[in-house]
Number of protein chains: 2
Amino acid sequence: MTQLPSAAPTIATEPGQTEPAFRLVAVAIEARILSGDIQPGDTLPSETNLAETLGVNRSTVREAIRALEQNGFVRRETGRKKLFAAVPQSRDISRRLKTAMVLDHVTFEELWEAMFALEPAAARSAAQRRTDDDLAALDANLAQMRLALHDSDVLTDLDIAFHHLVALATGNRAIQAARLPISELFYPPFLAVISRLNAAERLLFAHEKIVEAIRDQDSRQAQDWMEKHIQDFQRGYELANLDMGTPAALPRAGHDKQ
Amino acid sequence: MTQLPSAAPTIATEPGQTEPAFRLVAVAIEARILSGDIQPGDTLPSETNLAETLGVNRSTVREAIRALEQNGFVRRETGRKKLFAAVPQSRDISRRLKTAMVLDHVTFEELWEAMFALEPAAARSAAQRRTDDDLAALDANLAQMRLALHDSDVLTDLDIAFHHLVALATGNRAIQAARLPISELFYPPFLAVISRLNAAERLLFAHEKIVEAIRDQDSRQAQDWMEKHIQDFQRGYELANLDMGTPAALPRAGHDKQ
DNA sequence: GCGGCGATTATCGTCGGACAATAAAGTGCG
DNA sequence: CGCACTTTATTGTCCGACGATAATCGCCGC
């Protein structure tokens with residue numbers, strides 16, 4: 001029933017300027033999703049249908065859809081035609097934050113400092129709230145890592161996964177959202193250094209200590225070990241004689257794992 | 001010279017599926033901006049021009065532009081026609097992250113825990129790196145707050161500004177990006193509680209202590225006082241008998257609350 | 001010469017219609 | 001009931017058009 005006002009400006013947006021129709025269409029569709037009129041996962045009406053319903057041209061609807069796609073309110077499975085409603089996920093937004101930080105020439109030092117604040121807090125919280133499933137996932141990660149101590153690439157992925165699992169165990173989505181983009185920029189290059197220094201065992205040891213503390217629900221120990229662990233990254237960087245002042249770059253081809 | 005391949009798939013995107021033209025156009029324009037071919041702040045060619053240059057229809061260009069707008073690569077000043085190139089700012093992305101967290105029903109407790117990790121770290125870093133300008137801004141904020149101890153709304157704005165200034169003083173854009181969306185969800189409702197408890201003086205006192213430590217470049221003190229300050233928010237919430245488990249909402253005027 | 005003002009041009013927002021490709025839906029057959 | 005085949009619906013793209021209005025140009029008077 002959400003109809004676009006054809007003549008009367010019922011949806012008077014703050015500015016005196018008349019909002020372009022494609023934006024009104026976008027917010028109209030967005031509103032339908034947010035109100036639950038269209039549930040996430042539902043397929044949206046066809047463009048023609050939307051155009052008729054909203055009283056605008058199909059081109060206008062298409063422009064609105066392009067915007068909604070970027071905002072994460074609708075998504076289309078590759079190769080499929082049907083459009084599905086969705087709700088923006090902080091995971092999707094993380095990608096943009098990463099590029100924004102890279103374009104802003106954020107340095108490794110800045111990333112490190114942020115991780116030094118977030119990761120120990122995450123470990124502490126994880127120790128308090130972890131479920132048995134969280135623990136099992138962490139154990140599995142440790143097991144895999146023991147088998148991959150030689151393989152630098154796999155090690156990197158496993159390390160990122162490890163810290164992600166710790167964050168998941170917190171159950172805290174604010175912390176998860178805050179650390180995700182930083183983490184994805186931070187770990188790859190640092191881990192490259194670590195493996196060059198043959199410090200994989202040291203890495204694994206720290207992870208084991210952290211998991212142990214999380215298992216025992218010893219938040220103090222979890223925090224402390226994570227703190228040491230993050231400090232180790234910095235130490236490794238200095239040992240390798242690299243400059244923490246260099247801007248971060250986007251890591252190699254992203255893995256799309258569903 | 002960035003020309004869209006009309007027949008030869010020079011820009012072969014990973015998937016076997018052919019990418020729609022509007023996406024290719026979007027990445028082409030994006031590439032021009034990232035490469036510096038078009039500097040941020042420059043005006044983009046007209047839609048017609050772009051369409052001709054890229055060998056596609058204007059409608060296709062428009063769809064691409066809608067996507068680029070959302071991504072922060074181009075922006076149009078309200079009421080103006082000319083399109084300006086830009087670079088995505090984490091500040092802009094913060095808004096999206098906020099809505100994503102709200103839609104995900106992130107609780108105050110989660111926000112608080114994240115702030116408890118970030119704010120003390122920011123204070124510590126600010127104490128180490130603050131410039132005289134940072135200090136002057138903080139002092140100005142304190143002065144304003146002394147005059148607004150009675151006005152709840154102004155107080156809220158000043159408090160948010162204060163913590164933002166501390167974050168700015170760190171010079172750490174990763175921390176800034178991480179805390180911004182959380183901060184904007186966190187402070188308004190908490191401050192509503194604070195002012196209801198007539199705890200404005202206590203708030204000001206903490207701010208003064210933090211600024212003092214930052215002035216003295218005493219990172220330990222800055223961190224400690226900020227930690228206490230954040231803990232105070234929680235205490236206030238409990239004193240007011242409110243549930244930290246309630247999901248956060250977007251701070252927006254005109255909410256129908258009964 | 002130069003700043004302001006009206007005329008001119010360019011550009012945007014929107015519309016209507018069209019068509020090929022192909023996903024989705026329907027149909028019939030074994 | 002499953003599968004191949006046909007039909008329909010939908011998307012992606014193009015073309016052309018028009019009103020509104022920024023942006024630009026050119027003229028005029030100071």
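Scope of the values below: all heavy atoms of this structure, side chains included, with no hydrogens, waters or symmetry mates. Below, chains carry the letters A, B, ... as their sequence lines are ordered, and counting in each starts from 1.
Salt-bridge check for A/Arg75 with A/Asp92: passed, with a basic side-chain N closer than 4.0 Å to an acidic carboxylate O. The existence of a salt bridge linking B/Arg66 and B/Glu69 is confirmed by a sub-4.0 Å separation between a basic side-chain nitrogen and an acidic carboxylate oxygen.
Listed pair B/Asn57 / D/dC15 meets the phosphate criterion, a side-chain N or O lying under 4.0 Å from OP1 or OP2. Side-chain N/O atoms of A/Ser59 include none lying less than 4.0 angstrom from OP1 or OP2 on C/dG13.
Rounded to whole Å, atom P of C/dA24 lies 9 Å from atom CD of A/Glu77. In this structure, the CD atom of A/Glu47 is 15 Å from the P atom of C/dA23, given to the nearest Å. Going from atom CG of A/Leu54 over to atom P of C/dC15 covers 11 Å, rounded to whole Å. Between B/Arg76 atom CZ and D/dA23 atom P the separation is 10 Å, expressed in whole Å. In this structure, CZ of B/Arg80 is placed 15 Å from C1' of C/dA10, rounded to the nearest angstrom. Atom CZ of B/Arg58 and atom P of C/dC15 are 13 Å apart (whole Å). The CD atom of A/Glu52 sits 11 Å away from the P atom of C/dG16 (whole-angstrom rounding). For B/Arg62 and C/dT14, the CZ to P distance is 7 Å, given to the nearest whole Å.
Looking at B/Phe108 and B/Thr246, their side chains come closer than 4.5 Å, going by heavy atoms from C-beta outward.
In the set D/dA23, C/dG13, D/dT10, D/dA23 carries the atom at the smallest distance from any side-chain atom of B/Lys82.
Residues A/Lys81 and A/Thr60 each lie close to DNA chain C; by heavy-atom proximity, the contact nearer the 5' end of the strand is made by A/Thr60.
Heavy atoms of B/Arg23 sit nowhere under 4.0 angstrom from any nucleic acid atom.
Of the possible polar contacts, one joining the B/Asp134 side chain to the B/Thr131 backbone as a donor-acceptor pair under 3.5 Å is found.
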